2 protein chains.
Amino acid sequence: MSSPEFCIADNNHNVEHPAEETVPPVLGQRSTRQRKLIYDILKSSNDHLSVEDLYRRARDIDSRVSLSTVYRTISLLKEASLVDELIFEDDRRCYEFKRGNGYQHHHIRCLSCGNIIEFQTDYARRLRDKVAEEMGFSVESLKIDVAGYCEACATR
Amino acid sequence: MSSPEFCIADNNHNVEHPAEETVPPVLGQRSTRQRKLIYDILKSSNDHLSVEDLYRRARDIDSRVSLSTVYRTISLLKEASLVDELIFEDDRRCYEFKRGNGYQHHHIRCLSCGNIIEFQTDYARRLRDKVAEEMGFSVESLKIDVAGYCEACATR
DNA sequence: GTATGTGCAAACGGTTTGCAGTCTG
DNA sequence: CAGACTGCAAACCGTTTGCACATAC
């Protein structure tokens, strides 16, 4: 069931999230209430959050957060390589917290229910190697996006 | 050099482009000057054209084309599955004419010079099969986007 | 002749920015 | 206390749309 060529990833990372670990990242110079909040939401979420999601969740916790700040903070987090930005065909842009190096994954999206499943595959690594080897290309990122209909939606 | 796992694709399709072949696609009902022009430009180009590129090229040939028409025509061509839309990380949206079924390919982008190289890989098919098999997922599209620095840019 | 397509300019929606006020270190 | 950060509203920019006119069939 779980082969190196393809396996569904376990993306349930936030089993425990110690409150002290809530230390803000070294982004910019100042650790503000807003940045901590946004950082924490991203870190403790398994989902792929849009800016709007993030904004809504932040406001639910603390109304003193503006949309601009969400944008600005995401931008900093991207720059610091702490979050990854995903751009799907439908133009949705989502953000996910970057887990440790070991956790490289890709996405399968259901075009009907919008659900996103993460998977891992050794093909990615092999392809990376091939591209480097045969073209002298220095690979920075390799993303695989699979879209279609999940079993539930397809049979309905 | 050319293995099923990875090979650079030959995307030089427009070796000859017979003028008669300029028959417009069955998009909408009417075959207009503008639609023919846009269609032809896309068809005869190997590149991945942005809307702006397309607009500029069209105007160079015939100034009586508006940006709205370019957008509307692209939209029709997408719907008719005659062109593919590519959305890269940097938010660039490009369009490429869809070649015959046999020609499935993916993209390698140089983050420095912006060049895009097409490649083919059997891994895509295998992955597709795995996803279908193990998840009962009906795959509509599988896109691989490799970004990094090409040999020339990396050594510079 | 009629419905479809086009050009133009205005509207749209997500993202960015300028600025005055606030807060961190 | 200075400089960094925030909220707000305005600007931006690629894309879409409404409408009057043009054109294909």
Side-chain angles (χ1 to χ4, degrees), chain A residues 22-42 48-80 82-96 114, chain B residues 22-42 48-80 82-96 114:
Chain A
T22 306
V23 185
V26 236
L27 38 78
Q29 287 77 21
R30 310 244 157 130
S31 167
T32 65
R33 194 180 63 250
Q34 292 90 334
R35 288 184 179 179
K36 278 183 238 178
L37 180 55
I38 293 164
Y39 176 80
D40 284 346
I41 293 172
L42 272 165
H48 306 86
L49 303 175
S50 67
V51 170
E52 207 50 49
D53 292 336
L54 205 42
Y55 179 51
R56 206 163 327 124
R57 290 200 197 183
R59 281 197 96 96
D60 285 350
I61 298 169
D62 179 346
S63 66
R64 294 167 301 170
V65 179
S66 73
L67 190 53
S68 323
T69 297
V70 174
Y71 275 111
R72 286 192 268 232
T73 305
I74 286 178
S75 169
L76 286 169
L77 290 166
K78 264 198 296 181
E79 219 159 310
L82 289 165
V83 309
D84 245 351
E85 182 178 50
L86 309 170
I87 304 180
F88 299 120
E89 315 310 281
D90 48 4
D91 239 344
R92 272 193 304 165
R93 285 204 225 182
C94 294
Y95 301 89
E96 62 178 19
Chain B
T22 305
V23 185
V26 235
L27 37 79
Q29 285 77 19
R30 310 240 161 133
S31 167
T32 65
R33 194 180 64 248
Q34 292 90 334
R35 288 184 178 177
K36 279 184 239 177
L37 179 55
I38 294 165
Y39 176 82
D40 283 347
I41 292 172
L42 272 165
H48 306 85
L49 303 174
S50 68
V51 170
E52 206 51 46
D53 292 335
L54 205 41
Y55 179 50
R56 205 162 330 121
R57 290 201 196 182
R59 280 197 96 96
D60 284 350
I61 298 169
D62 179 347
S63 66
R64 294 166 302 170
V65 178
S66 73
L67 191 53
S68 324
T69 297
V70 175
Y71 276 110
R72 286 191 269 233
T73 305
I74 285 178
S75 170
L76 287 169
L77 290 166
K78 263 198 295 185
E79 219 159 310
L82 289 166
V83 310
D84 246 351
E85 182 178 51
L86 308 170
I87 304 181
F88 299 120
E89 315 309 280
D90 48 3
D91 238 343
R92 270 192 305 163
R93 284 205 225 183
C94 294
Y95 301 88
E96 61 178 19

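Just so we're on the same page: letters track the sequence lines, and every chain starts at 1. These figures come from a predicted structure and were not determined experimentally.
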- Item | Nearest-angstrom distance from the residue atom CG of A/L54 to P of C/dG14 | 15 Å
- Task: Take atom CG of B/D62 and atom P of C/dG5, then tell me their distance rounded to the nearest Å.
- Result: 18 Å
- Message: Just N and O in the side chain of A/Q34: are any of them under 4.0 Å from OP1 or OP2 of D/dG7?
- Response: yes
- Separation of C/dC8 P from B/Y55 OH (nearest whole Å): 7 Å
- Check whether any side-chain heavy atom of A/L76 lies under 4.5 Å from a side-chain heavy atom of A/L82, and answer yes or no. no
- Any donor and acceptor pair, going by atom type alone, linking the side chain of A/D53 with main-chain N or O of A/S50 inside 3.5 Å? yes
- Query: Among all residues two or more places apart in sequence or in another chain, which pass the salt bridge (Lys or Arg N to Asp or Glu O under 4.0 Å) test with B/R72?
  - Reply: none
- Degree of bending in the helix from C/dG1-D/dC25 to C/dG25-D/dC1 once both end axes are built from five pairs, to 10°: 30°
Filtered N/O pairs between nucleotides 22-24 of chain C and protein, under 3.5 Å:
residue	atom	partner	partner atom	Å
C/dT24	O2	A/R30	NH1	2.5

- Message: Suppose we screen for salt bridge (Lys or Arg N to Asp or Glu O under 4.0 Å). Which residues come up paired with B/R64, at least two apart in sequence or across chains?
- Response: B/D62
- Task: Would you please name every residue forming a side chain to side chain donor-acceptor pair (under 3.5 Å) with A/S68, sequence neighbours left out?
- Result: none
- Query: With sequence neighbours excluded, what pairs up with A/S75 under the side chain to side chain contact (heavy atoms under 4.5 Å, CB included) test?
  - Reply: A/E79
- Counterpart residues, side chain to side chain donor-acceptor pair (under 3.5 Å), relative to B/E85 (two or more places apart): B/K78, B/R93, B/Y95
- Message: Just so I know, are the side chains of A/I41 and A/L49 near enough to count as touching, which here means a heavy-atom distance under 4.5 Å?
- Response: yes
- Query: So, A/T69 side chain and A/V65 main chain: donor-acceptor pair closer than 3.5 Å or not?
  - Reply: no
- Task: Using the test side chain to side chain donor-acceptor pair (under 3.5 Å), find all partners of B/E96 that sit at least two apart in sequence or belong to another chain.
- Result: B/H48, B/H105, B/H107
- Query: Which parts of nucleotides 14-22 of chain D does protein reach within less than 4.0 Å, heavy atoms only, written one letter per nucleotide 5' to 3' as B for base, S for sugar-phosphate only and - for none?
  - Reply: SBBBB----
